[in-house]
Engineer: 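Just passing along the structure, written as structure tokens.
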Amino acid sequence: MKTLVLIRHAKSSWSHGLQDVDRPLSDRGFNDANLLSNEFKTLNFIPDSVFSSPANRALTTCAIFLWKLCKYQNATLQISNQLYDFEGRKVLDFIRHFWTIL
């Protein structure tokens with residue numbers, strides 16, 4: 001059975017004056033990503049595949065989860081520009097496409 005888990009990036013910082021794609025996680029974002037990934041760890045959840053937008057905050061959130069859940073082993077991280085989407089249409093198209101081939 002396929003299971004799809006959607007996790008939005010943790011809280012980002014607006015204090016750096018960077019382009020949106022480059023904004024890092026805030027201190028709270030790091031803390032929240034660690035807390036939530038610990039909860040997934042208690043469920044013995046290990047992803048087969050992980051997809052992320054190229055945004056710094058999303059990639060950092062993914063890295064925290066991948067380290068906590070599987071020490072970067074047994075999961076592949078694929079970066080897709082379709083996931084860097086403010087309206088959600090590209091994300092839905094991405095999910096529809098990959099759901100049919102997974």
Side-chain angles (χ1 to χ4, degrees):
M1 174 169 68
K2 298 178 190 178
T3 301
L4 174 66
V5 177
L6 300 174
I7 299 172
R8 190 173 190 275
H9 64 77
K11 178 79 174 148
S12 61
S13 174
W14 288 88
S15 64
H16 296 282
L18 301 170
Q19 291 185 358
D20 182 74
V21 71
D22 297 324
R23 285 190 295 119
L25 290 181
S26 66
D27 290 342
R28 176 181 160 198
F30 277 102
N31 185 56
D32 290 350
N34 277 296
L35 289 171
L36 187 57
S37 60
N38 283 334
E39 289 300 315
F40 273 82
K41 180 88 171 155
T42 65
L43 300 172
N44 294 318
F45 179 81
I46 299 176
D48 294 317
S49 297
V50 176
F51 302 92
S52 176
S53 87
N56 183 15
R57 59 195 177 273
L59 288 170
T60 303
T61 301
C62 280
I64 291 168
F65 270 76
L66 286 172
W67 177 252
K68 292 282 181 133
L69 299 179
C70 56
K71 303 286 190 250
Y72 297 121
Q73 299 171 2
N74 304 325
T76 60
L77 172 60
Q78 298 178 50
I79 299 168
S80 172
N81 288 328
Q82 280 185 284
L83 296 174
Y84 185 67
D85 179 20
F86 297 96
E87 296 176 6
R89 291 183 198 148
K90 292 180 191 175
V91 172
L92 288 174
D93 289 343
F94 178 88
I95 292 169
R96 284 184 194 110
H97 172 75
F98 277 98
W99 193 255
T100 60
I101 64 172
L102 290 177

Engineer: Can you get from Leu92 to Leu4 by hopping between Ile, Leu, Val, Met, Phe, Trp and Tyr side chains that sit under 4.5 Å apart?
Structural biologist: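 Different hydrophobic clusters.
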Engineer: Can Val5 be reached from Ile95 by stepping across I, L, V, M, F, W or Y side chains whose heavy atoms are under 4.5 Å apart?
Structural biologist: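 Unlinked, Ile95 and Val5 end up in two clusters.
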Engineer: For the residue pair Phe45 and Phe40, categorise the inter-ring angle as parallel (less than 30°), tilted (30 to 60°) or perpendicular (more than 60°).
Structural biologist: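 It falls in the perpendicular class, over 60°.
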Engineer: With a cut-off of 3.5 Å and sequence neighbours excluded, list every side-chain donor-acceptor pair involving residues 64-71.
Structural biologist:
from: Lys68; atom 1: NZ; to: Asn34; atom 2: OD1; distance (Å): 3.3
from: Lys68; atom 1: NZ; to: Asn38; atom 2: OD1; distance (Å): 3.1

Engineer: With heavy-atom distances below 4.5 Å as the criterion, would you say the side chains of Leu6 and Val91 are in contact?
Structural biologist: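 Sidechains of Val91 and Leu6: no contact.
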Engineer: Can you see which heavy atom on Cys62 is nearest to which on Val50, and at what distance?
Structural biologist: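 For Cys62 and Val50, the tightest heavy-atom pair comes out as SG-CG1, 3.8 Å.
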Engineer: What distance do Ser80 atom OG and Asp85 atom CG have between them, rounded to the nearest 0.5 Å?
Structural biologist: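 Reported value, rounded in 0.5 Å steps: 10.0 Å.
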Engineer: Can you pull the salt bridge (Lys or Arg N to Asp or Glu O under 4.0 Å) pairs that have at least one residue in residues 50-62, sequence neighbours excluded?
Structural biologist: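 Only Asp20-Arg57 qualify under salt bridge (Lys or Arg N to Asp or Glu O under 4.0 Å).
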Engineer: With sequence neighbours excluded, what pairs up with Thr60 under the side-chain hydrogen bond (donor to acceptor under 3.5 Å, both in side chains) test?
Structural biologist: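 For Thr60 the side-chain hydrogen bond (donor to acceptor under 3.5 Å, both in side chains) partners, ignoring immediate neighbours, are Asn56.
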Engineer: So how far is it from Thr61 OG1 to Lys11 NZ, rounded to the nearest 0.5 Å?
Structural biologist: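 The distance works out to 12.5 Å.
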Engineer: Can you list the residues that meet the side-chain hydrogen bond (donor to acceptor under 3.5 Å, both in side chains) rule with Arg96, with sequence neighbours excluded?
Structural biologist: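 Testing Arg96 for side-chain hydrogen bond (donor to acceptor under 3.5 Å, both in side chains), a comparison that skips the adjacent residues, returns Asp93.
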Engineer: Which Ile, Leu, Val, Met, Phe, Trp or Tyr residues join Val21 in one cluster when any pair of side-chain heavy atoms under 4.5 Å counts as a link?
Structural biologist: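 Its cluster partners, ordered by chain and number, are Tyr84, Phe86.
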Engineer: Within this structure, what is the CG-CD distance for the pair Leu83 and Gln78, rounded to the nearest 0.5 Å?
Structural biologist: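 So the CG of Leu83 and the CD of Gln78 are separated by 10.5 Å.
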Engineer: By side-chain hydrogen bond (donor to acceptor under 3.5 Å, both in side chains), which residues pair with Glu87, not counting sequence neighbours?
Structural biologist: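 Listed in chain order: Arg89.
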Engineer: Does any non-hydrogen side-chain atom of Leu18 lie less than 4.5 Å from one of Ser13?
Structural biologist: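 Not in contact.
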Engineer: Nearest 0.5 Å please: distance from the OG atom of Ser49 over to the CG atom of Leu77.
Structural biologist: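 Ser49 OG to Leu77 CG: 10.0 Å, rounded to 0.5 Å.
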